[in-house]
Amino acid sequence: MKSFVIKLLALMFLSFGALHASAPASAEALSTHQEETYVSQPFSEMITGFLGSTGIAAFINPDPEELDPHGKEMSDFHKSWGRIIMILVTFFLFWLAIKKGFEPLLLLPIAFGGLLANIPIAGIAGDHGFLGVIYNMGLANEMFPILIFMGVGAMTDFGPLLSNPKTALLGGAAQFGIFGTLVGAVALTQIGLADFTLQQASAISIIGGADGPTSIFIATKLAPELLGAIAVASYSYMAMVPIIQPPIMRALTTEAERKIKMTTLRHVSRLEKLVFPIMVLTLAILVLPAATPLIGAFMFGNFLKESGVVERLNDTLQNSLINTVTIFLGLGVGSKLAANEFLVPDTMFIMALGIVAFSVGTASGVLMAKVMNMFPGHKVNPLIGSAGVSAVPMAARVSNKVGMEYDRSNMLLMHAMGPNVAGVIGSAVAAGVLISLFQ
Amino acid sequence: METNLIIEGFKFMALGMGTVFLFLIILIFMMNVMSIVIQKFFPEPKQVASGSENKQQDNKKIIAAITAAITHHKQG
């Protein structure tokens with residue numbers, strides 16, 4: 001045995017020797033290989049070479065030749081301090097997700113993706129790094145948001161909306177957040193503060209729909225360069241719904257309005273729930289085919305669920321598929337937290353416009369409910385108007401919580417689910433309009 | 001770039017909100033029609049609830065019988 005190993009080693013040495021001998025002869029042919037052939041060097045040089053490739057050296061003294069993943073020049077700030085700042089930002093996001101419980105399912109993968117994307121030398125977010133591969137696999141082509149929409153469709157129950165259809169108007173009114181912000185973003189450009197094109201302004205404004213997948217879908221279609229900031233703004237504000245919404249809701253309603261009790265919801269038959277997704281999709285096909293990728297995926301998930309005969313598929317959509325895609329989506333979005341893409345002045349404007357979008361959406365939902373109460377018919381508690389921003393089911397829970405603060409017996413959760421799911425349809429329609437305008 | 005972007009923004013808003021509301025209003029109309037049609041022509045079969053009622057009545061009878069027996073026993 002031992003002699004066999006020795007023979008093998010000897011053979012390897014001999015063949016290497018042969019290769020070396022033939023190397024100069026075929027230098028042109030092997031030019032790419034030749035760079036990789038190992039050249040013996042003194043130990044001291046090895047150590048200095050290794051020290052030069054450590055993270056510390058890369059942070060302190062960045063390689064001037066290093067290019068960003070798209071082959072463009074990077075400033076020294078983005079290679080050194082920028083990365084450190086972004087790594088600290090991701091630590092802050094960890095804290096928000098773990099300690100504060102802000103949408104941890106998404107925030108943790110996004111933040112960790114951001115941490116990995118800011119590592120120097122490794123190039124994880126580059127085209128050949130694994131984050132870059134994930135990004136190109138499902139985000140650059142809008143695949144992941146669509147898959148998420150299928151899962152959300154399978155988790156959605158349209159019963160509350162079907163039993164009180166007029167609450168859909170609240171979900172429509174909340175879309176003012178989107179278009180109000182669009183005007184805001186172009187106004188910023190007009191007065192010269194920022195420099196957004198109409199496409200970029202539209203992509204930013206969709207944050208007001210409070211719908212993560214829709215925001216990502218639109219951003220990748222209209223302004224992929226802003227995807228990181230838009231996705232982070234969208235998800236972090238969705239996570240902060242319980243903080244942002246209640247003050248606006250209280251400011252716009254009177255105590256008596258907050259105590260309005262709504263009539264109990266009627267029972268919705270299974271057939272109605274089964275027909276509904278097909279009905280919405282048909283309407284989308286006729287009115288706005290541009291919105292059908294989103295609405296189609298959403299209704300596909302919902303139809304599988306309501307059909308009641310494909311429990312296995314429904315279970316996969318609701319659990320394994322959406323969980324898997326959430327991991328990839330989070331990491332892919334996180335890859336856009338790389339310092340050179342995120343630490344730009346635009347990000348600040350996007351975060352600011354995002355919160356305006358959210359507040360306007362909440363406010364217009366509440367105001368719409370007050371308008372509806374001016375007409376005869378069953379009264380609507382304006383607190384459920386805020387649930388018109390999509391953010392399912394968080395916004396509906398907020399309506400319920402604020403309602404309970406003023407009357408312990410007033411359960412608004414199911415009533416708020418109506419505008420909530422209508423908000424998802426509403427923002428998908430708004431997204432469709434924006435896409436169709438730029439085609 | 002002499003176009004007034006703000007006016008463009010308002011145009012987008014008018015078109016977008018118009019479409020969203022149009023879509024949802026048609027949807028509300030269709031939902032109402034659908035529920036009327038379905039409730040009229042395809043009502044869900046009423047669940048047979050009489051079984052449990054009978055049981056409850058039986059329970060009441062048994063309770064009545066026991067109470068009667070106890071009072072009878074106490075009196076006797």
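Labels below follow one simple rule: chain letters A, B, ... track the order of the sequence lines, proteins then strands, and each chain is numbered from 1. As the structure is a prediction and not an experimental result, all values here were calculated from the model.
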- Looking at A/Ala284, A/Ser427, A/Ala185, A/Ala428, which one has more heavy-atom pairs under 4.5 Å with chain B than the rest?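 The residue among A/Ala284, A/Ser427, A/Ala185, A/Ala428 with the greatest pair count is A/Ala284.
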- Query: Looking at A/Val429, A/Val287, A/Ile178, which has the largest count of heavy-atom pairs under 4.5 Å with chain B?
  - Reply: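 Among the listed options, the one with the most contacts to chain B is A/Val429.
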Can you tell which part of [X] gets under 4.5 Å to a heavy atom of chain B, answering side chain, backbone, both or neither?
| X | answer |
| --- | --- |
| A/Leu286 | neither |
| A/Leu169 | both |
| A/Leu283 | both |
| A/Leu162 | both |
| A/Ser202 | side chain |
| A/Arg266 | side chain |
| A/Leu182 | side chain |

Are side-chain heavy atoms of [X] and [Y] found at a separation under 4.5 Å?
| X | Y | answer |
| --- | --- | --- |
| A/Phe196 | B/Leu5 | no |
| B/Gln39 | A/Glu272 | yes |
| B/Glu8 | A/Val186 | no |
| B/Phe12 | A/Val433 | no |

- Neighbour count >12 (heavy atoms, 6.0 Å) for atom CZ, B/Phe21: yes
- Item | Over 12 non-hydrogen atoms of neighbours within 6.0 angstrom of CZ in A/Phe438 | yes
- Message: Measuring from atom CZ of A/Phe179 to atom NZ of B/Lys11, what distance do you get when rounded to the nearest 0.5 angstrom?
- Response: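 Nearest 0.5 Å value for the CZ-NZ distance: 15.0 Å.
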- Task: Might you point out which heavy atoms bring B/Val20 and A/Gln175 nearest each other, and give the distance in Å?
- Result: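 Here B/Val20 and A/Gln175 meet closest at CG1-CG, 3.9 Å.
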- Query: Of the non-hydrogen atoms in B/Met17 and A/Ala173, which two are nearest, and what is the gap between them?
  - Reply: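 Minimum heavy-atom contact is CE-O, 4.1 Å.
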- Item | Residue part contacting chain A, namely of B/Ile38, when any heavy atom lies under 4.5 Å | side chain
- Quick one: which of B/Ile25, B/Ile26, B/Asn32, B/Leu27 has the most heavy-atom pairs under 4.5 Å with chain A, could you say?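 The option with the most such pairs is B/Leu27.
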